[in-house]
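In what follows, a structure is listed as structure tokens, so that the remarks can point back to it.
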Amino acid sequence: MASTASAFPVLHERNLLCLIHPLHSYMLHQFSLSARHFALLASCALISCSKEEGAPVAQPSPDVISISAAAPRAATSADFATSWNAFVDRVSKGEFSDPLGQYVSKNTYVANDGYKERPTRPKYTQEERDARLRTLGFVSGDANSNTAAKSYSYQFESSEGRGMNNLFTPAYPSTPFPGNEQGYVWDLKIVKDGRSPLQGYTIIPVDLNRGAGGQYIYLSFTRDPRFIQNASDEGENLQSGPVRGITSVNQRIGAGFTSYPANYTPTWAEWGCDSFPGFCFKEGDLNDGAGGRFIYGYQSKLENQGGPIEVGVLSGNGNISPPYGWQKVGVDLNDGAGGAYIWFCFKRR
Amino acid sequence: MKQYATAVGLMISLGVSIGNSQAQTSSSKGQLYANLQLTNQRYAFSYPANTSTVLALNPGCLAVGYAFTPKIALQVGAVLGRSEHEFESSGTTTAGVPVGSVTWDKTKSVALPLLARYTLGRPESKRFNLDVFLGPVFIHSKLETRKTETLDGVPEEKYNTSQNAWNTALSGGLGGRYAIGKHLQIVGDVALNKNSQVTQKLSVTGNKAGLTSSIALGLQYRFRANN
């Protein structure tokens, strides 16, 4: 596991070598890059190099380049989206490296002590990536003619249509939830540390660290008040009820040093102290293991935030918009950590 | 913030005046001290409009104390905190009309811990001492909130509020002191805090007991030299 210090750009000879060797031979073979091109690329790609220490640094395949730089080959936006998703997935699996250091494998892990600022990775929209790669000599051609490169790709998953099964009456899954006949989203939790979701909670299947290494982190929700853990609903009523707001906040240092946003409480994450029931939840850093800013999720059940909401997660390769009816809110959940652009989203019921 | 500055000013005046009086009666056994510490103090807090939160107050804490005997002291401190959040949402209605919102809040807070300290063991003969402490913490916080929603470019203010309140928490913990000179000691405290005015303990603090924590590390100046 790479340390914090070695996970980000540090001009150590060792770091340089780990990238230069595989990329150098590959690029010379594929592109006949000049020495100037290679120097430029190396200086940029160092950013992701040392993060892969301890794991084999995969040879970039031609697919990497075709997806991240030579997007004109993608015939349609749908093709492009498929290509981009495949690109991120393959980098995440460590099958190859992103030469710009924005996307990294899941083996990349940045230590997290919460008391000081973490180093950051570069982040580019798809247009910026293509321009950068062109500058570095990965692809030739007029940037303005590269129309497909301007296509933004996204993945959107939400609570709509999910978590509707009433686990207490499995024979009649559509039975309304006692106390929540409308089937509203009743509580949010973060799932991380390799744990399973809490009983009765449903995961929204988008990794909140997508493309940025670190832990697999998910937003989960329940519609059944009987399953709620560590929320005001356990005998406390002032802030109970459906979820009416979701947001995220980024900070330079860990959560313990800042106050919550007004009217919001954390989307708690279980952390596994099973022997101390009632003390098993923490504010879950949504960049845990990925570096960058410390990011925390919050929910509100106060009526002044508006009507009950459905929640979603939007992930993409630029400043994308959510589908009709939805709003994205808060900060990029990968802020400072490279990877995909990710936001919490909500839709009023 | 003016009232908080006044509170800190009062404490300094109190420390100086006690220090002066002590200098005049240096034969007494009591001993005045002042602490300047880096700190992060977290307190659950309840505002009048049924909203509860956790305040983080940092980074500095000033305290003055009086050791009535080598083992027993009373200490009062002050720590200020402020925070500000702003977050936006943007998207469309199901009909494709642009919609968005801006939510903003700002808090200014002060905590005044009044702690009784008891030194474990025989403090006279040791360079390093351990204290236990317990006492109330008086917390004041002012919260301003504002939310504006925009539909198709037309803004509408949803709320614009200001509220403030005093809460009292109970704080207890363990402290260590290491003498590095006749007047100076390195001091550190860790504490757990409980505010019984916050009823939404689980959702606010994340634990059933409604506990939050504080930590402090810094220097203590003893106005009369240790022997």
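Values below: all heavy atoms of this structure, side chains included; hydrogens, waters and symmetry mates excluded. A note on names: the letters A, B, ... follow the listed sequences, proteins ahead of strands, and every chain is numbered from 1.
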Notebook entry, point to check: Looking only at heavy atoms, which two atoms of N304(A) and Y159(B) are closest? And how far apart?
Noted result: O-CE2, 3.4 Å

Check: Of all residues at least two apart in sequence or in a different chain, which pass the salt bridge (Lys or Arg N to Asp or Glu O under 4.0 Å) check with R42(B)?
Finding: E283(A)

Notebook entry, point to check: For L55(B), is it the side chain, the backbone, both, or neither that has a heavy atom closer than 4.5 Å to a heavy atom of chain A?
Noted result: both

Margin query: Is it the case that atom CZ in F257(A) sees more than 12 heavy atoms from other parts of the structure closer than 6.0 Å?
Written below: yes

Next item on the list: Kindly give the heavy-atom pair with the smallest separation between G256(A) and A56(B), and that separation in Å.
Entry: O-CB, 3.8 Å

Notebook entry, point to check: Of the non-hydrogen atoms in W268(A) and V204(B), which two are nearest, and what is the gap between them?
Noted result: CZ2-O, 3.4 Å

Item checked: Gap separating the OG1 atom of T53(B) from the CG atom of N263(A), nearest 0.5 angstrom -> 9.0 Å

Next item on the list: Give a yes or no on whether the ring-centroid distance for Y260(A) and F45(B) is below 6.0 angstrom.
Entry: no

Check: So what's closer than 4.5 Å to chain A heavy atoms on T93(B): side chain, backbone, both or neither?
Finding: backbone

Notebook entry, point to check: Considering heavy atoms only, which positions within residues 313-325 of chain A lie below 4.5 Å of chain B?
Noted result: P322(A), P323(A), Y324(A), G325(A)

Item checked: Heavy-atom contact with chain A under 4.5 Å, split by part of S89(B) -> both

Note to self: Using heavy-atom distances under 4.5 Å, tell me whether K147(B) contacts chain A through its side chain, its backbone, both, or neither.
What the structure shows: side chain

Check: Of the backbone (N, CA, C, O) and the side chain (C-beta and beyond), which part of A209(B) lies under 4.5 Å from a heavy atom of chain A, both, or neither?
Finding: both

Next item on the list: Only pairs at least two apart or in different chains count here, so list each salt bridge (charged side-chain N to carboxylate O under 4.0 Å, His left out) that has a residue in residues 307-324 of chain A.
Entry: R223(A)-E310(A), E310(A)-R349(A)

Item checked: Residues in salt bridge (Lys or Arg N to Asp or Glu O under 4.0 Å) contact with R226(A), at least two apart in sequence or another chain -> D224(A)

Check: Pick from P261(A), A262(A), S300(A), S248(A): which one has the most heavy-atom pairs with chain B under 4.5 Å?
Finding: P261(A)

